[in-house]
Amino acid sequence: WTDLLLDIGRKLQTTEKSSLEHIASHLKRLKALPLAAEIYRKLGEEAQVVQLHIEARDWQEAFRLAEHLPQILPSVHLQHAQWLADSDQFIEAHEAFVMAGKGKEAHILLKNLADCAVSEERFLDASYFTYLRAKQLLKMMELNSDETSPQHVKEFKVLLQLSSVY
């Protein structure tokens, strides 16, 4: 079926957008992702091509293509972060959340990791995760210096002190 759909898609003109979109979605449903990407490229829908690479977990190609589409780059980072977290690659997930502009999610991830490490009596890990939280908070204060409150400074000091206690 996939070859037949691709042949039909190749013969159609780009003006027949609806038919091409149906063919691409059927190829996607059939998991013929490279073939669906060809049809989406013909339609000029590069964002869909990036999404296909994300679904295939081809992160390197997804990022390469997304570099030319800055409006979807944060979404690619976010989906990559979620995949990394699901794959137990937490430090990389934290960095990807930050790259996606999701500092709050990155902070929550580190807090959960530190809390889990404490409950499992892995204090060296708890210290490291808490230090990373403090470091992230400091970076946020540097980037948004006009929004920095005394509460942020106090939280930074508490996290830094807590990381040394563990």
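Only a predicted model underlies this, so the values are computations on that prediction, with no experimental measurement involved.
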So if you build clusters from Ile, Leu, Val, Met, Phe, Trp, Tyr with side-chain heavy-atom gaps below 4.5 Å, do [X] and [Y] land together?
X: Ile8; Y: Ile39; answer: yes
X: Phe97; Y: Ile54; answer: no
X: Phe129; Y: Phe123; answer: no
X: Phe90; Y: Leu132; answer: yes
X: Leu43; Y: Val50; answer: yes

Under the side-chain contact (heavy atoms from CB on, under 4.5 Å) criterion, do Glu45 and Gln51 qualify, and how do the steps go? CA-CA 10 Å; Glu45 295 182 14; Gln51 190 60 40; over 6 Å; no
Does anything in residues 108-120 form a side chain to side chain donor-acceptor pair (under 3.5 Å)? List the pairs, not counting sequence neighbours.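 Qualifying pairs, neighbours excluded: Lys111-Asp115, Glu120-Arg122.
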Write out all pairs satisfying side chain to side chain donor-acceptor pair (under 3.5 Å) with one or both partners inside residues 92-106, taking only residues at least two apart or from two chains.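 Qualifying pairs: His94-Gln136.
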Applying ring pair (Phe, Tyr, Trp, His ring centres under 6.0 Å), which residue pairs with at least one partner in residues 30-67 are found, sequence neighbours left out?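 Every pair satisfying ring pair (Phe, Tyr, Trp, His ring centres under 6.0 Å) with a residue in residues 30-67: Trp59-His80, Trp59-Trp83, Phe63-His77, Phe63-His80.
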For [X], all residues meeting side-chain hydrogen bond (donor to acceptor under 3.5 Å, both in side chains), sequence neighbours excluded:
X: Gln89; answer: none
X: His152; answer: Ser149
X: Ser75; answer: Gln79

Rounded to the nearest 0.5 Å, how far does [atom2] of [Y] lie from [atom1] of [X]?
X: Ser18; Y: Ile23; atom1: OG; atom2: CD1; result: 10.0 Å
X: Leu65; Y: Ile72; atom1: CG; atom2: CD1; result: 8.0 Å
X: Tyr128; Y: Leu110; atom1: OH; atom2: CG; result: 9.0 Å
X: Leu52; Y: Leu35; atom1: CG; atom2: CG; result: 10.5 Å
X: Leu20; Y: Glu38; atom1: CG; atom2: CD; result: 11.0 Å
X: Ile91; Y: Leu113; atom1: CD1; atom2: CG; result: 6.5 Å

Take atom [atom1] of [X] as the centre, draw a 6.0 Å sphere, and report whether it contains more than 12 heavy atoms from other residues, nucleotides or ligands.
X: Met141; atom1: CE; answer: yes
X: Glu121; atom1: CD; answer: no
X: His22; atom1: NE2; answer: no

Of all the heavy-atom pairs spanning [X] and [Y], show the shortest one and how long it is.
X: Ala81; Y: Ala93; answer: O-CB, 3.5 Å
X: Ala36; Y: Ala24; answer: CB-O, 3.7 Å
X: Ala126; Y: Ala114; answer: CB-O, 4.0 Å

Holding to salt bridge (charged side-chain N to carboxylate O under 4.0 Å, His left out), I want the full list of residues that pass it with [X], two or more places apart in sequence or in another chain.
X: Arg41; answer: none
X: Glu46; answer: none
X: Glu55; answer: Lys28
X: Lys31; answer: none

Does anything in residues 132-144 form a salt bridge (Lys or Arg N to Asp or Glu O under 4.0 Å)? List the pairs, not counting sequence neighbours.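 Counting only pairs at least two positions apart or across chains, no salt bridge (Lys or Arg N to Asp or Glu O under 4.0 Å) contact touches residues 132-144.
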N/O donor-acceptor pairs under 3.5 Å from side chains in residues 154-166, not counting sequence neighbours:
residue	atom	partner	partner atom	Å
Ser163	OG	Leu160	O	2.7
Ser164	OG	Gln161	O	2.7

List the steps, then state whether side-chain contact (heavy atoms from CB on, under 4.5 Å) holds for Gln60 with Arg64. CA-CA 6 Å; Gln60 187 175 6; Arg64 190 186 69 73; 5.9 Å; no
Please lay out, stage by stage, how Leu69 and Val76 fare under the test side-chain contact (heavy atoms from CB on, under 4.5 Å). CA-CA 10 Å; Leu69 302 166; Val76 175; over 6 Å; no
